[in-house]
Amino acid sequence: MKEMMTVANAAKALGVSTPTVYSLIRDGSLTASAGPRGQLVSQAAVFGVATARRVDAVRRHRDLVSYARSIKATIWPAEPETIELGDGRTEIRDGADVAAYAALPKGRAVLSWLDSDVVAVFGPAVIHTLADLKSLKAAGACPWCWARDLAAVRGGLGPRDNPPTRVLIGDPCPKDRAVMKGSKDEIDKLWAGVKADDRRRRDRAARVARAREVEAAKADADRAGLRLRAAKRAVTASAGPQAAAAAFELRRQAREAHGKGLPNLARELELRADKLERTGS
């Protein structure tokens with residue numbers, strides 16, 4: 001039996017709003033069924049939508065490590081610069097920076113500013129873990145374990161051990177490395193799929209362009225043939241009936257020469273017929 005989830009939980013798993021999930025249902029991306037407390041959608045279908053959204057987002061962001069750095073800098077701006085004193089203590093270089101840093105939105109307060117590609121690429125579990133990163137570290141919790149548990153509860157995409165995710169939430173603990181040992185790098189796999197899809201699209205477009213060029217060349221040749229035949233008819237008409245009859249006879253003789261295996265004679269007769277049609281003599 002399929003595992004089902006509510007529309008609200010599907011929105012949490014995808015990292016989108018509830019109206020967005022209803023839009024996915026209306027356009028056929030998700031199929032809903034009636035439940036005791038509202039509409040239900042398949043968890044597998046939600047995971048499929050999340051994967052498709054990730055592939056599309058990865059295509060728009062070629063350098064995922066740099067993208068991850070910019071996301072982290074947005075959620076957690078750089079702290080004020082410190083200097084080391086002679087006795088080994090440190091202090092803020094400029095006291096005004098403290099007030100400026102305190103006024104900056106950070107953590108969860110920034111999540112609403114992020115574009116949809118952020119959650120599509122890394123999953124809501126990783127992004128929410130990043131927003132709570134400082135409190136998790138202060139409590140001695142492992143961000144990777146937290147992200148995995150969050151994904152398991154919400155049903156969305158969990159963290160995968162790759163450089164961009166490490167930029168966001170640090171290195172996984174030994175427990176997480178053991179869980180993910182032997183698994184392929186999902187981001188690299190997705191990126192390889194995106195590049196393969198791009199190559200297929202380019203090849204398909206090139207084949208279509210070549211086919212159109214061939215069709216255009218054939219159409220040009222057909223039009224040129226029509227103009228040539230029309231010109232020949234006009235010349236023949238102007239040359240007079242006797243010249244036309246003589247040219248017709250020469251072409252008949254040329255066909256007979258072809259049939260007897262005399263191509264040179266046939267070619268000569270064709271040339272004489274052409275000249276007769278053009279000049280009348």
Side-chain angles (χ1 to χ4, degrees), residues 3-18 20-21 24 29-30 41-58 60-61 64-65 67-76 105-191:
E3 292 189 24
M4 308 298 286
M5 60 198 314
T6 65
V7 170
N9 287 337
K12 291 179 181 178
L14 293 171
V16 299
S17 64
T18 301
T20 300
V21 176
L24 292 171
S29 299
L30 289 174
V41 293
S42 163
Q43 184 172 337
V46 171
F47 186 82
V49 170
T51 302
R53 284 164 56 85
R54 174 176 282 185
V55 170
D56 290 339
V58 167
R60 290 188 286 271
H61 302 281
L64 290 177
V65 171
Y67 187 47
R69 291 192 183 113
S70 68
I71 295 168
K72 189 169 186 178
T74 300
I75 295 178
W76 293 111
K106 296 176 284 293
R108 286 185 172 271
V110 184
L111 292 182
S112 61
W113 298 0
L114 303 176
D115 64 76
S116 60
D117 282 354
V118 172
V119 172
V121 172
F122 298 104
V126 170
I127 299 304
H128 281 84
T129 299
L130 174 60
D132 294 332
L133 192 60
K134 292 196 175 182
S135 59
L136 289 172
K137 288 185 176 180
C142 171
W144 282 79
C145 293
W146 183 268
R148 282 198 304 107
D149 291 344
L150 194 59
V153 170
R154 295 191 173 189
L157 297 173
R160 292 295 182 269
D161 190 8
N162 50 66
T165 305
R166 289 193 178 212
V167 167
L168 294 176
I169 59 175
D171 295 335
C173 68
K175 177 183 176 182
D176 288 293
R177 283 196 292 269
V179 170
M180 294 181 290
K181 186 177 181 180
S183 63
K184 293 184 178 180
D185 186 336
E186 185 174 340
I187 292 293
D188 285 350
K189 184 179 179 181
L190 283 170
W191 185 231

Asker: How close do Trp76 and Gly107 get, heavy atom to heavy atom, and via which atoms?
Answerer: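 Heavy atoms of Trp76 and Gly107 come nearest at CZ2-CA, 3.7 Å.
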Asker: Return yes if some donor-acceptor pair links the side-chain N/O of Arg69 with the main-chain N/O of Val167 below 3.5 Å, else return no.
Answerer: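 Not at all, since once roles are kept as given, no pair shorter than 3.5 Å links the two residues.
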Asker: Could you give the distance from CG (Leu14) to CG (Leu24), rounded to the nearest 0.5 Å?
Answerer: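 Output value for this atom pair is 7.0 Å.
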Asker: Rounded to the nearest 0.5 Å, how far apart are NZ of Lys137 and SG of Cys142?
Answerer: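 So the NZ of Lys137 and the SG of Cys142 are separated by 10.5 Å.
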Asker: Would you name the heavy atoms of Ala10 and Val46 that are closest together and state the gap between them?
Answerer: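 Smallest heavy-atom distance, with atoms named: CB-CG2, 3.9 Å.
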Asker: Within a strict 4.5 Å, meaning less than it, do heavy atoms of the Leu114 and Ile75 side chains meet?
Answerer: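 Touching, per the 4.5 Å side-chain cut-off.
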Asker: Under 3.5 Å, sequence neighbours excluded: what are the donor-acceptor pairs made by side chains of residues 115-131?
Answerer:
from, atom 1, to, atom 2, distance (Å)
Asp115, OD1, Tyr67, OH, 3.3
Asp115, OD1, Asp117, N, 2.9
Asp115, OD1, Val118, N, 3.4
Asp117, OD1, Arg60, NH2, 2.7
Asp117, OD2, Arg60, NE, 2.9
Asp117, OD2, His61, NE2, 3.0
His128, ND1, Pro124, O, 2.8
Thr129, OG1, Ala125, O, 2.7

Asker: So do the side chains of Glu3 and Ser42 get within less than 4.5 Å of each other, counting heavy atoms only?
Answerer: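 Result no, sub-4.5 Å side-chain heavy-atom pair not found.
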Asker: Which residue pairs pass the salt bridge (Lys or Arg N to Asp or Glu O under 4.0 Å) test when at least one of the two sits in residues 118-128, sequence neighbours left out?
Answerer: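 Output for this query is empty, none listed.
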Asker: With sequence neighbours left out, what residues match Lys134 under salt bridge (Lys or Arg N to Asp or Glu O under 4.0 Å)?
Answerer: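 Residues passing salt bridge (Lys or Arg N to Asp or Glu O under 4.0 Å) with Lys134: Glu79.
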Asker: Please report the closest heavy-atom contact between Ser112 and Ala109, naming both atoms and the distance.
Answerer: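 That would be OG-O, 4.2 Å.
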Asker: Taking only residues two or more places apart in sequence, or in another chain, which ones meet Asp149 in a salt bridge (Lys or Arg N to Asp or Glu O under 4.0 Å)?
Answerer: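 Here no residue qualifies.
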Asker: Not counting sequence neighbours, which residues clear salt bridge (Lys or Arg N to Asp or Glu O under 4.0 Å) with Arg53? List them please.
Answerer: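 Salt bridge (Lys or Arg N to Asp or Glu O under 4.0 Å) list for Arg53, sorted by chain: empty.
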Asker: Output yes when a side-chain donor or acceptor of Trp144 lies under 3.5 Å from a complementary backbone atom of Gly170, and no otherwise.
Answerer: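 Confirmed, Trp144 side chain pairs with Gly170 backbone.
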Asker: Do you know the tightest heavy-atom contact between Arg148 and Lys175?
Answerer: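 Heavy atoms only, the tightest pair is NH2-CE, 3.9 Å.
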Asker: Hey, could you give me the CG/CE distance between Asn9 and Met4, rounded to the nearest 0.5 Å?
Answerer: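 The distance works out to 12.0 Å.
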Asker: Looking only at atom types and distance, does a side-chain atom of Asn162 sit under 3.5 Å from a main-chain N or O of Thr165, one as donor and one as acceptor?
Answerer: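 A pair under 3.5 Å: yes.
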Asker: So, using salt bridge (Lys or Arg N to Asp or Glu O under 4.0 Å) as the criterion, who are the partners of Arg166 when residues are at least two apart?
Answerer: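 Only Asp161, Asp171 meet the salt bridge (Lys or Arg N to Asp or Glu O under 4.0 Å) criterion with Arg166.
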